[in-house]
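Structure first, then comments.
Bear in mind that the values here come from a model prediction, so they are computed numbers and not experimental data. Here is how names work: the chains are called A, B, and so on, in the same order as the sequence lines, proteins then strands, and each is numbered from 1.
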Amino acid sequence: MKEFNVIGKNVIKKDAVDKVLGKAKFAADMKLPNMLVAGVKRSEVPSGKVININAEKAKKVPGVVSVLTYKDIPGENIIGIINKDEPILVEDKIRRIGDAIAIVAAEDESTLEKALELIEVEIEETQGVFTIEDALKEDSPKVHGDTNILAEKILKRGDVDAAFKKCDVIVENEYSTPVIAHMFIEPEATLANYEEGIITFYSSTQNPHYDRGEVARMLGITLNRVRSVQATTGGGFGGKLDISTQCHTALLAFYTNRPIKMVRSREESMKVSSKRHPHYMKFKTGATKDGKILATDVELLQDTGAYGSYGLAVITRSMVHAQGPYEIPNVRIRAKMVYTNNPMSGAMRGFGVPQVAIGHEGQMDALAEKLGIDPVEIRTKNCFQTGSVTATGQKLVDSIGIYETIKKAADKAEQIMDKEGK
Amino acid sequence: MKEFKYYSPKSLNEIFKIFEAEKGETCLIAGGTDVMLEINSKKVNPDVVINLKSIDEINYIKEDNEFIRIGAGTTFTKLSSDAVILNSARALAQACSKVGSTQIRNLGTIGGNIVTGSACGDSVSALVALDAILVIQSPKGKREITLTDFYSPGQKSVCDGCYHNTPGIGKDEVLVEVYFKKAEKNEFSAFRKLGKRKALAKSILTVGMSIEFDDDKKVKNARISLGAVGKHPYRVTSAENIIDGKKLSDETIEDCLNEISNIVIANIGSRASCPFKKESVKGVAREVFASIIEQSSL
Amino acid sequence: MEKVKISFKLNGENVTVETPPNKRLLDLLREDFELTSVKEGCGEGECGACTVILNNEAVTSCTVLAPQVDNCEVVTVEGLGKDGELDKLQEKFIEEGAVQCGYCTPGMLLSAKALLEKNPHPSRDEIKTAIEGNLCRCTGYKKIVDAIEASIEE
Amino acid sequence: MLVRGKGIGCMWYGIGNTGLPNPAAAFVKVHIDGSVTVLAGCADIGQGSDTVLSQIVAETLGVTFDKVYIKSGDTEATPEGGATSASRQTYISGNACHFAALEAKENIVKVASEILKCDEEEVVLINNTAYKNGCEDKTITYKEIMLGLKSRGLLAIGKGQFNPSASALVENMQGIPYATYAFATHIAEVEVNTETGEVTVLKIVAAHDVGKAINKKNVEGQIEGGCLMGMGFALSEKLIINNGHMKNPDFNSYIIQTAQDMPEIYPIIVEEESGEGPFGAKGVGEPALIPAAPAIINAIYDAIGIRFTHLPLTADVVLDAIKKKEETK
């Protein structure tokens, strides 16, 4: 093997010294002279129509510098990493608890708190949809446009129906996984400043370049007038890929000409940031009596909540990975992703793959049991190798280490785990 | 957080003077691990906050011939590592060692756990099994009340100033001490908590036990308490009666566990958590029995 | 609101400050003393990011009222290490790869420090207990426990 | 009763976006004193991309790690890095940095070959020095080379960009969704308390094919963190949503793992190098999480003979299933 000097070596992490000294600046740690603090007035109902927003009382509170609504957005009031469907500030339709209705900048936290309480929002609550089943009903209320289906796809290779007839054993199971939160320890925050025609903001983010684009479109200015800087970021796991505090702080800085800092509380962070898509899954998998898998047929139902976020990436990735790391000649994966008035689902570590892995690995063990063979053996027998073809028709040519990982893990487990088992 | 006036008295006498002088809503703060959250979230909006941390006279663990006496301001950390408590009130040491996390135990006090009246106050469940008595002081003097009576529904709520409406403590009163009998020679106690994880866990249920054996290894005196299966921790006397005067055979324990389970059903039968708690309580209590038997055979 | 004048020892120095009584120790340290190593993760004493050492014990500074530290001693990460040298714990956190996002790191270090001051030779279980109130979502804790173990003086 | 069981979970994971272009870019500048600045759009969220990208540049240029300064995630200074997602940054931004360093290296090698009086192919750059292959005792310093560049009016700068060779998924989703895949297997050992339903994870062996581990500690850190997140997914984590209302938006009632819940974790790094990755590297961030939960679920089956299919497996769910199984016996 080639010898390296730096690669493969445990060098000192670039950021570690500042972090152990407590010197690393997260966005909430930053401060600029004359800075204001900002917050968001949010919807407390999951579905409704905004009749009126009255901010007069809030504006009169001494120390309140700016209260803005959708009317104040100079450019486009719509964001989204893949499909753009989320308003920066709601115009009329409320789609979830936590939808942003108005933003406030004030001299200090207690004034801000007071002002947010004093903003009067008249909302006509409407019937929402909260389950995939309801969302798919023809007469259900629609979260966006005239259908609640964000995407419906099919992945097909071979002929599963014919293949199942040749199988000696077939296992069928339903699986589900719940809504999961990222729980990064640092809540989202941004510090924004507007100076000499350039809007600059420092954020807790996983994608500063995307943030720049959304802020530029919101303000109707060109990209070279927006500077997006990633502050030290306290974890993400996918939860800091969407716009959080960036647009709201930038808009307030744009209007007030003063530095603006917005830091989410834990509760606000949890309610508003994206979540792992809950999945409802049906798996049917068949094998010959010597343990070779011939076919798998999978149905996925996924709830993306009020907005698309990374939903379109999740549906595709989950489908592509639903067969597991196994060579299966006949595969059919069908998936539907729907909008509901639940919290927004988006990117979270694995984009749908942790969910489908619950299915394909449950199936492997169920098959092994039915066939009377060892769970390790059924995996080594079916796992990808060089030259295997996946369900999308891709021939795998290099770096196929699944067999190695199974062998090495099994060997180690043999050494260290209780031989008795129970 | 609401604006309020702050006092940090050095003695109980000073507190009583503040009580007299201040007419608004008053809130006592010791460890702050509960009350700070309530104030922050505006569930409690005091006009006056009185710090108890600086009052040394309520921070002690003492033993005399008959009793162990604990100042209300004693932290969980102290209680879980104190030799006296470990030796003759193991249930309490175990309970205190399972409260929240290290940081919370360093701040939180036993008095706070009692007066917040939470259903799942871990130390309270152990104290109920130890038959603890509270000493409550006011300018008029001291009074005593058993912990069980303190929480009993018959107690009139006289507290509209303090933050949880714990029955049994008055507006001008301060909980100053909790005490209980020292363990007899053949008396052993144990505690076990069921939580959703191994630390930072709110109790799903707790079982505290204190059992005294006679020379024939028969149960002479038994006290069993349950926590988080009702409004406050409580004794389960009908289950205690089952083992009273008997050796702790597998069958006797089994009968006792079934009775405990029935009590859980009687108390929280309508709640969604009942099917789980009525079963798991048996497993938890069985472990507590095992711990006591182990201690007694040493 | 009537301010309260308090004096306490902060990272080895005597300090006096006037504070509104309804301020949390967390905010006092971050705002009045600009010690931004003290992080807020939840504000409920549940995550441990705001841990400081108060009178030799690790506590969550979000559940302490600022005036409660009058006459006390408070240590933050800024008070670790001497004369520009890193504390052994800090060194080992770096070496062992115990730092990822870094948001829990100051609190973790202080919980570990408080432990080692009391108990210079803790077991692995005692280390876990010391940091049980410090949530970390990145590392899985293993390298943190390894680092604390490695910092134990021979 | 406490009963133990073992279970296995496997996974595969495509690196980068699915069937879509997702390029990243970087700039590298070698300064006159032999220090290096890297500008990369890639956001380091704690996983350590700044470190890994610096290692790639240092190795490529033959300088020591400490010579490399990296500025990342600032749109005014750094080119696009794309999202820190899809376990893509080591692979994609890593390649971008590698290519930028290679371009910056061109003039360095040219000048070094002139000073060393050898062919460019013979120049070895290592540890801030250069020598002619085979003549390790006759080294020149990086500084000398850089002065050589200066006197010749040359600069050592490079730009790099990389987009993985994937293709769009067309009819029936056929195509090449990813250029490369990471693979992993976890084996978990659990202990189930059959009277309370509590599940304790005792050990997890986690073998990951990451291509080439640019930084082993970082890779292990990802694996260990993934194991605990996977435990949460299997055993405790669930946001309760009732008609759109979130019932547990806090650390108190949304249960993630603490240090006390940590099992013994045995990370195993498997290096099946990828042809396209920088020094053969693929990715590990998301793969670290994926097999843990299935391994735990299968271990619970091994222990108590109950196959769970709906997560999470909190004590009440497990105990309920045990009781139902006992009843049907």
- Item | B:Leu200 side, atom CG; D:Gln257 side, atom CD - distance, nearest 0.5 Å | 11.5 Å
- Item | Per-residue contact mode, D:Leu235 against chain B (heavy atom under 4.5 angstrom) | neither
- Message: For chain D, which candidate among B:Glu279, B:Lys196, B:Lys282 shows the most heavy-atom pairs at distances under 4.5 Å?
- Response: B:Glu279
- Go through the atoms of D:Leu319 and report whether side chain, backbone, both or neither lie under 4.5 Å from a heavy atom of chain B. side chain
- Query: Is B:Arg286 salt-bridged to D:Glu195, cutoff N-O under 4.0 Å?
  - Reply: yes
- Message: Counting only heavy atoms not in B:Lys202 (residues, nucleotides, ligands), do more than 12 fall under 6.0 Å from its NZ?
- Response: no
- Answer yes or no: does atom CD of B:Gln295 have more than 12 heavy-atom neighbours from other residues, nucleotides or ligands under 6.0 Å? yes
- Item | Atom CG of B:Asp250: over 12 foreign heavy atoms under 6.0 Å | no
- Message: Are more than 12 heavy atoms, taken from residues, nucleotides or ligands other than B:Lys98, located less than 6.0 Å from that residue's NZ atom?
- Response: no
- Judged by modelled atom types alone, do D:Thr200 and B:Lys198 share a side-chain donor-acceptor pair under 3.5 Å? yes
- Is any side-chain N of the basic residue among B:Lys193 and D:Glu198 closer than 4.0 Å to the acidic one's carboxylate O? no
- For the atom pair CG (D:Asn193) and CD (B:Glu287), what is the distance rounded to the nearest 0.5 Å? 5.5 Å
- Item | Side chain B:Arg197, main chain D:Ile255, donor-acceptor under 3.5 Å | no
- Message: So for D:Asp316, is it side chain, backbone, both, or neither that comes closer than 4.5 Å to the heavy atoms of chain B?
- Response: both
